[in-house]
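Reading through the structure tokens given below for one structure.
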Amino acid sequence: MIETITSPAAMSARAAAFARAGTRVGFVPTMGALHDGHLDLVRTARAENDVAVVSIFVNPQFGPNEDFTRYPRDLDGDLTKLAPAGCSLVFTTDAASMYPRGFSTYVTNDAWSDRFEGAVRPGHFRGVLTVVAKLFHLVRPTTAYFGQKDAQQALLIRRMVADLDFPLQVRVRPTVREPDGLARSSRNVFLSATGRERGVSLSRGLRAAAARFASGERDANALIAAARAELEATPGVSVDYVALVHADTLEDVAHADARSLMLVAARVDGVRLLDNALLSAPTEAAW
Ligand code: PAF
């Protein structure tokens, strides 16, 4: 039976009890609508710690043309999936509790927040970093787990943990994929059957670029063009960006090397999908 905590104060008290008992807490922050990618994080959190705690909170971190109310929500379904994955405590709360009247303090990153996802979704990373900082204070994890699919988010959270001296480890796990390569995402439920097929073009694009890298191509423009060609050949796919960056700095690179990460974002029949891979090791975690 999973323990469910719904108030920040009760979560904080529970975390203090864990700390007093020396309990190692693995933490997986989520917005719910859980899929195999989340469950992989939960299983890893449990395997590497004494308890696995999951938060389910649809944070208002959406960009201007995105609908907070449309984000998929299925708390009962989520709870059913979490127990077998080894989660024993869920923290789920509402926006009024997390952001009471007068809330006005935010966490921002000046270097990386305005690029890629930040450019398409202004304010998004301020929302993410602020809620993750609050969750870290409330849950006091030993280690927090994130998926590589949201690579920019993972890097920003690592940076925040280092810059603001949070006493915890951040672990990033490789993207969990469908058998045909589509990255698992809560947003996949919005794809029609045709959109679902078209969405595979993102991972096909990454694989095409990785194949070029494996055969010796190092020019960033040529590698980006190889990925773009897959996306642009697929009807219904509109590319937001394809970029080749250094995995640790998110700086654009002109010549690819072992640490070059390709980032892809596209709208597929109106649904925004993301994917990324290290060209030198496309199935492995970048960090
Ligand atoms: O990746 C997500 O689901 C969210 O951005 C997170 C980290 C739970 C913050 O709301």
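In each ligand, atom 1 is the first atom listed, and ligand 1 is the first ligand listed. This is a predicted model, so every value here is computed, not measured. For the numbers below, each heavy atom of this structure counts, side chains included, while hydrogens, waters and symmetry mates do not.
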N/O separation below 3.5 Å, Asn59 to ligand 1: no
Pairs of nitrogen or oxygen atoms closer than 3.5 Å, one from Thr30 and one from ligand 1: do any exist? no
Atom indices of ligand 1, in the order listed, that fall short of 4.0 Å to a heavy atom of Val131: 9 (C), 10 (O)
For Met31, the ligand 1 atoms with a heavy-atom partner under 4.0 Å come out as 3 (O), 4 (C), 8 (C), 10 (O)
When distances are taken from atom 9 (C) of ligand 1, the protein heavy atom at minimum range is Gln61 OE1, 3.4 Å
Write out the residue and atom name of the closest protein heavy atom to atom 2 (C) of ligand 1, then the distance separating them to 0.1 Å. Gln153 NE2, 3.8 Å
With sequence neighbours excluded, give me every side chain to side chain donor-acceptor pair (under 3.5 Å) pair touching residues 209-226. Arg212-Glu217
List in chain and number order the residues that pass salt bridge (charged side-chain N to carboxylate O under 4.0 Å, His left out) with Asp252, two or more places apart in sequence or in another chain; answer none if no residue qualifies. Arg115
Verify, without hydrogens or angle tests, whether Asp269 (side chain) and Leu191 (backbone) share a donor-acceptor contact under 3.5 angstrom. no
Are more than 12 heavy atoms from other residues, nucleotides or ligands located less than 6.0 Å from atom CD of Gln169? no
Per the side-chain contact (heavy atoms from CB on, under 4.5 Å) rule, which among Leu168, Asn49, Asp50 passes with Thr142? Asn49
